[in-house]
Amino acid sequence: MANFQFVIFKIDDREFALDINKVNTIEKIPSITRVPGAPYFVMGVINLRGEVIPVVDTRKRMDLNPRPFDDESRIIIINLEDCVVGITADSATEVVSVGEELIDRDFAITGAKDDDFIEGVARLDQRIIVILDINKLLKTA
Amino acid sequence: MDANQFLDIFLEETNEHLENLNNCLLQLEKSPEDRELLDEVFRVSHTLKGMAGTMGFVRMAELTHQMENLLDEIRNNKVEVDTSLIDLLFECLDGLQEFANQIAETGTEGSRDTGALVSRLRNRLNPENSTANKADISSGRLELELNDHETLVIGNAKQQGFNCFIIGVTLNKNCMLKSARAFLVFSTLEKKGDIIKSVPGVEDIEDEKFDRTIKLVLITQKGMDEIRNSLLSISEIEKVDIQEAVQAEDIDNFHIENRQADSPAGAAVSKERGIKNVTGKTVRVDIDRLDNLMNLVSELIIIKTRLEESKENDSKANTGEALEYLERIITNLHDAVMKVRMVSIERVFNRFPRMVRDLSKDLGKNTQLYMYGEETEVDRTVIDEIGDPLIHLIRNSIDHGIEQVDERKGKGKPPEGKIVLRAFHDGNTVVIEVSDDGRGIDLAKIADKAVKSGLYTQQQVEDLTEDELMELIFSPGFSTAGKVSDLSGRGVGLDVVKTKIESLGGLVEVESVPGQGSKFIIRLPLTLAIIQALLVVVGEETYAIPLNSIKEIITMEPSMVKNVQSREVVLLRGEILPLIRLDKELGIESIDDPDKEMTIVVVKKGEKLAGMAVDKLLGQQEIVIKSLGKYLAGIRFIAGATILGDGKVSLILDTNPFL
């Protein structure tokens, strides 16, 4: 049975999962420079070891209430096909391995605000983890 | 096919050789008697053939092989060098270049048909045989795999006027002594000609390790029917298929089948690669420069140790000295890295002699290109971008500038038109000039055209200065060519050049003396990666404005701002400038006191000016331009980003949209 590895990050008390192959690194929050004229959910750009990388405000993208950064806040740097983008998270703590049989890909919460970005749902003991479709989450148009 | 890993090297060397070939051919045309040039051309073709063969690019190898044959005949004084021959060789060069491009894009040489070119080469070599080669090909194809050597043998044999047949012999089902029958087939055929290949091989046939069919390749002077009859006279033969072997295309087909059969994995790889461009951008670097870089990096390591030591000893004097040293090394390192990125402009210039030659031939003009300063070094980024604008300008010169031979003679000019391409460094910029001794730019014609195309009224045109009139040729949709030719006159030329050069942060000017020629002058920054910029603060954010788009900086009382047609403007020495409030444009809340004296950065785009109100100036600084990446591509006002000394990202303002 195939196993998938996911990076788990939290927003409020909800847990989201990202395919580990897409995740480059997880960073603390550096200074962010606002980019005027960028899509509303792009917080700005950061300097990641000499590269300028755009950061997406995950809360804004999911239409959730803003919350100031704290010590736990992280930026998850993600490799897309032709660019690198960071997304914000309240915390990112864990990497889990989930068997294919525990993943429900037809799952949909109708009416939920973040419905569009869901690729599937994984059940892990008592936890329900939402697997994000990162391409949809980061789509600008 | 592990050869894929050598693809980059192959392409790079191929392009180098092709460039060399191009130069040699151009010179050879001028001095056809030069043996050394001829030898060089021969050597290059030979090398290319070898390289293509090794990499399995069979069509390319075949083409170069035929070129080599022809060149060899020239060397032996059997064929004369004339214009049509040079033209043919140039066509071969183009063919090879196309192969190289195809390979660069897809990793395979593609299915481009060079058969026509190859047979023209052959005809040139052996005019009397040219028709004999085109014997009929029977429709049913016999599949047979040939290796390079065999292909060459066949090719050579055909040139010498032999027939080549692929023969399939099928024995009777009930045949008892298969090898004996096969032996008879062989001995019969050997009386008629030479068998260069058999499938299965001779040993297998002797051991009866074959089914009922033998395939053979025969080179003979006899006809197809004679061979067929002699074979059918052997008993227990069921069927004989004979097919004229191998026109050039067929050789290639056999080869391709051959190779794909050999390496299904390799074929799959090339298919996969077919989607994307297989080669990255590379720069060839002089080894001395790399050594220099190495040295500087070792210096860095030494200085690090020194700093660590002085930290332990807590000696301030030492630290200060070490820091100073460190700064010097970093400056040198910066220079060294920049030099690594530098490429001589020869790479762009090299293609022009050929272009000028072809164009003047097409247009029936006599033009000579002179190039100076090819060794001038420019950043790689500039090299990639400057080619097209230059092509435009040179075409322009040949098409519009240089007169027909008769006209030149009538004017008392030498019949040969002259185009000069010159590159040189001037301070922090590179200057490239394209000048010709043609008819020059006719200002009256421009004025006429401007009125006719409705851009200006007669009155307005009369008020324009000469310089302003001259500038008009860079306007979109403007062309003074009497008739639209294949090359120019469509009015899409010079404005494109101007836009392109300006997007590179450069300038283009034109000077002209009617009747004596014109000169286009392009000025470009040495590199596009590092620029001088002014750092300004708006609200709490810091932005960089490229220095080359800034005209000056002024301060002004807020009361000086006037409203004209509901737009804010300021007066600068009698000129009215639109005022742009950066805080509003960028969606920032200015924290400055609105009654305080304003700081205004006057930015320019060509002749247009505008004032930008900022809160504070931080000063001038060299900045390294970084792209915002694809994710944030196409954002207005922002040209890129840079990283400041404190590690924070600052955005670079693109002032053009404001103007």
Side-chain angles (χ1 to χ4, degrees), chain A residues 18 22-25 27-58 60-62 66 68-69 73 75-89 117 132-141, chain B residues 275-277 280 330 333-334 337 529-530 535-545 580-590 612 614 623-658:
Chain A
L18 287 172
K22 297 231 166 85
V23 175
N24 190 336
T25 52
E27 305 284 331
K28 291 196 174 172
I29 310 281
S31 138
I32 299 178
T33 303
R34 190 183 69 95
V35 180
Y40 72 96
F41 54 83
V42 173
M43 280 192 93
V45 288
I46 57 165
N47 167 16
L48 182 71
R49 293 178 279 280
E51 295 286 318
V52 176
I53 292 177
V55 174
V56 166
D57 185 338
T58 316
K60 255 195 190 151
R61 183 66 175 138
M62 292 183 171
F69 290 131
S73 302
I75 290 177
I76 305 172
I77 308 292
I78 292 162
N79 283 331
L80 293 184
E81 221 160 81
D82 49 4
C83 55
V84 178
V85 180
I87 65 169
T88 59
F117 318 124
L132 284 180
D133 182 335
I134 193 65
N135 285 322
K136 276 190 194 156
L137 184 79
L138 294 181
K139 210 166 151 190
T140 41
Chain B
I275 307 161
K276 279 184 186 161
N277 199 334
I330 288 175
L333 197 58
H334 178 194
V337 173
I530 295 182
L535 297 184
V536 301
V537 176
V538 186
E540 288 180 330
E541 298 177 358
T542 306
Y543 289 90
I545 305 175
I580 296 148
R581 292 196 184 265
L582 269 189
D583 47 350
K584 274 188 202 138
E585 295 290 342
L586 302 174
I588 308 164
E589 288 215 4
S590 172
M612 284 183 158
V614 301
I623 58 169
V624 180
I625 301 181
K626 309 243 173 191
S627 150
L628 278 184
K630 263 204 174 147
Y631 192 67
L632 290 180
I635 289 184
R636 237 167 99 87
F637 308 146
I638 307 294
T642 188
I643 294 168
L644 299 179
D646 59 2
K648 282 187 191 158
V649 180
S650 166
L651 300 174
I652 303 168
L653 280 184
D654 179 4
T655 56
N656 289 340
F658 294 112

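Remember, predicted model here, so these are calculated numbers, not experimental data.
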- [ ] Using the side-chain contact (heavy atoms from CB on, under 4.5 Å) rule, take V45(A) and L651(B) through it: C-alpha gap first, then chi angles, then the decisive distance, then the call.
- [x] CA-CA 9 Å; V45(A) 288; L651(B) 300 174; 4.2 Å; yes

Open item on the list: Given heavy-atom pairs under 4.5 angstrom as the criterion, report whether the side chain, backbone, both or neither of I635(B) touches chain A.
Closed with: side chain

Task: chain B interface, residue from A38(A), P30(A), G50(A), G44(A) that has the most non-hydrogen pairs under 4.5 Å - done: G50(A)

- [ ] Work out which heavy atom in S627(B) is nearest to a heavy atom in V52(A); give both atom names and the distance.
- [x] O-CB, 4.0 Å

Task: When D646(B), I643(B), I638(B) are compared by non-hydrogen pairs under 4.5 Å with chain A, the top option - done: I643(B)

Open item on the list: Nearest 0.5 angstrom please: I53(A) CD1 to L632(B) CG, how far?
Closed with: 11.0 Å

Task: Backbone N/O of K648(B) and side chain of S31(A): donor-acceptor pair under 3.5 Å - done: no

Open item on the list: If I measure from the heavy atoms of chain B, does V35(A) come under 4.5 Å with its side chain, its backbone, both, or neither?
Closed with: both

- [ ] Decide yes or no on side-chain contact (heavy atoms from CB on, under 4.5 Å) for N47(A) and K626(B), but give the supporting numbers first.
- [x] CA-CA 10 Å; N47(A) 167 16; K626(B) 309 243 173 191; over 6 Å; no

Task: Portion of I32(A) that has a non-hydrogen atom of chain B nearer than 4.5 angstrom - done: neither

Open item on the list: When you measure from the side chain of Y631(B) to the backbone of L138(A), do you find a donor-acceptor pair of N or O atoms at a distance under 3.5 Å?
Closed with: yes

Open item on the list: Atom CD of residue position E51(A) - does it have more than 12 heavy atoms of other residues, nucleotides or ligands inside 6.0 Å?
Closed with: no

